[in-house]
Amino acid sequence: MTQYSTYSLVLREHIADLDPLIDRWTSGHFRLTGAAHDEAEEFVDRLKDLRAELASRIARPDLEGRMTPQVADGMTVR
């Protein structure tokens with residue numbers, strides 16, 4: 001498994017965790033009014049923003065060829 005495929009898998013798992021929360025809060029199951037309703041809308045909007053950001057990271061073609069940066073240990077750094 002490549003670094004990109006592992007990264008993509010982790011992002012997909014996070015998206016899968018967010019989807020039920022978004023569905024639950026947008027289903028109309030909760031009847032909120034006033035400030036609670038406004039806060040719930042902000043919460044859902046933030047969840048949607050997070051989901052969109054994660055999805056856009058999966059779609060980035062530049063990640064396919066990206067290598068892990070080389071990390072120097074204490075013996076090679078002087």
Side-chain angles (χ1 to χ4, degrees):
M1 186 174 260
T2 67
Q3 179 183 359
Y4 173 76
S5 61
T6 302
Y7 181 67
S8 178
L9 178 65
V10 169
L11 290 176
R12 289 178 202 282
E13 288 174 355
H14 287 309
I15 289 171
D17 291 340
L18 288 174
D19 284 340
L21 290 173
I22 293 169
D23 289 343
R24 185 177 307 142
W25 282 94
T26 57
S27 69
H29 178 72
F30 298 108
R31 305 270 185 230
L32 303 174
T33 59
H37 178 23
D38 295 340
E39 283 187 40
E41 281 185 355
E42 286 181 35
F43 176 70
V44 170
D45 288 343
R46 181 66 184 134
L47 289 176
K48 288 178 180 179
D49 290 345
L50 286 170
R51 188 195 187 291
E53 183 178 331
L54 293 174
S56 72
R57 289 182 186 181
I58 291 173
R60 287 183 49 192
D62 63 319
L63 293 176
E64 185 68 41
R66 188 176 285 181
M67 298 290 290
T68 352
Q70 297 297 321
V71 177
D73 62 18
M75 298 300 287
T76 58
V77 177
R78 303 216 184 258

Pairwise distance CH2(W25) to CG(L32) - rounded to 0.5 angstrom: 6.0 Å
Ion pair check, R46 and E42, cut-off under 4.0 Å: no
Pairwise distance NZ(K48) to CG(L21) - rounded to 0.5 angstrom: 13.0 Å
Nearest-0.5 Å distance, CZ of residue F43 to CG of residue D38: 15.0 Å
Cluster link V10 to I15, ILVMFWY, side chain under 4.5 Å: no
Heavy-atom side-chain proximity of L18 to L54 below 4.5 angstrom: yes
Approximate separation, where rounding is to 0.5 Å, of L50 CG and D45 CG: 11.0 Å
Considering all heavy atoms, the nearest H29-R24 contact: CB-O, 4.5 Å
Distance, nearest 0.5 Å, that separates CG of L11 from OG of S56: 9.0 Å
Considering all heavy atoms, the nearest S8-I58 contact: OG-CG2, 3.9 Å
Interatomic distance, R51 atom CZ to H14 atom NE2 [nearest 0.5 angstrom]: 13.5 Å
